[in-house]
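Residues: numbered from 1 along the sequence shown.
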Amino acid sequence: MGNTGDARTIALADPFTRHPSRAVREAAVGAVRFVASPEADAWVAAKLAARDDEALRVGAVRAAGFRALEPLGDALAALL
C-alpha cells in the first residue's frame with residue numbers, strides 16, 4: 001500500500017508503530033514515504049520527534065529522504 005502513495009497507508013501503518021519489533025516499527029514509518037499530503041508530513045514529523053523510540057526516528061529519517069523536506073524542516077532541525 002505504501003508504494004502506491006495512497007493516504008490510507010497512514011491509518012494502516014500507524015498501529016504497527018507500536019509493534020514490539022523494532023524492524024516492524026521502523027518499516028511502518030517507512031511505508032508512508034510516498035504519501036504526498038500535509039497529514040503524512042505531520043505524521044512523519046511526529047515520528048521524527050519520538051524521543052522514546054529510536055526505531056521510529058530512524059524510519060522517519062529514511063522516509064524523509066523520499067519526501068519534500070521543507071514541511072519536515074523544523075522536525076529535522078529539532079532532531080539534529
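- Cluster partners of F16 are V24, counting Ile, Leu, Val, Met, Phe, Trp and Tyr whose side-chain heavy atoms approach within less than 4.5 Å, directly or via other members.
- Applying the ring pair (Phe, Tyr, Trp, His ring centres under 6.0 Å) rule to pairs touching residues 18-73 yields F34-F66, sequence neighbours excluded.
- Residues satisfying the side-chain hydrogen bond (donor to acceptor under 3.5 Å, both in side chains) test with R8, not counting sequence neighbours, are D6.
- The minimum heavy-atom distance between V32 and A13, with the atom names listed, is CG2-CB, 4.3 Å.
- The side-chain heavy atoms of D14 and K47, taken from C-beta on, include a pair separated by under 4.5 Å.
- In this structure, R33 has no salt bridge (charged side-chain N to carboxylate O under 4.0 Å, His left out) partners at least two apart in sequence or on a different chain.
- Smallest separation of non-hydrogen atoms from V29 and G59: CG1-C, 3.6 Å.
- In terms of hydrophobic clustering, with Ile, Leu, Val, Met, Phe, Trp and Tyr side chains grouped at heavy-atom distances under 4.5 Å, V58 and L69 are assigned to different clusters.
- Side chains of D53 and R25 form a contact here, defined as non-hydrogen atoms less than 4.5 Å apart.
- Take E54 and apply the salt bridge (charged side-chain N to carboxylate O under 4.0 Å, His left out) test, not counting sequence neighbours, and it matches R22.
- The pair R57-D52 does not count as a salt bridge, with every side-chain nitrogen at least 4.0 angstrom from each carboxylate oxygen.
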Anything under 3.5 Å between a donor and an acceptor, one on a side chain of residues 72-80, the other on a protein residue two or more places apart or in another chain? List them.
none

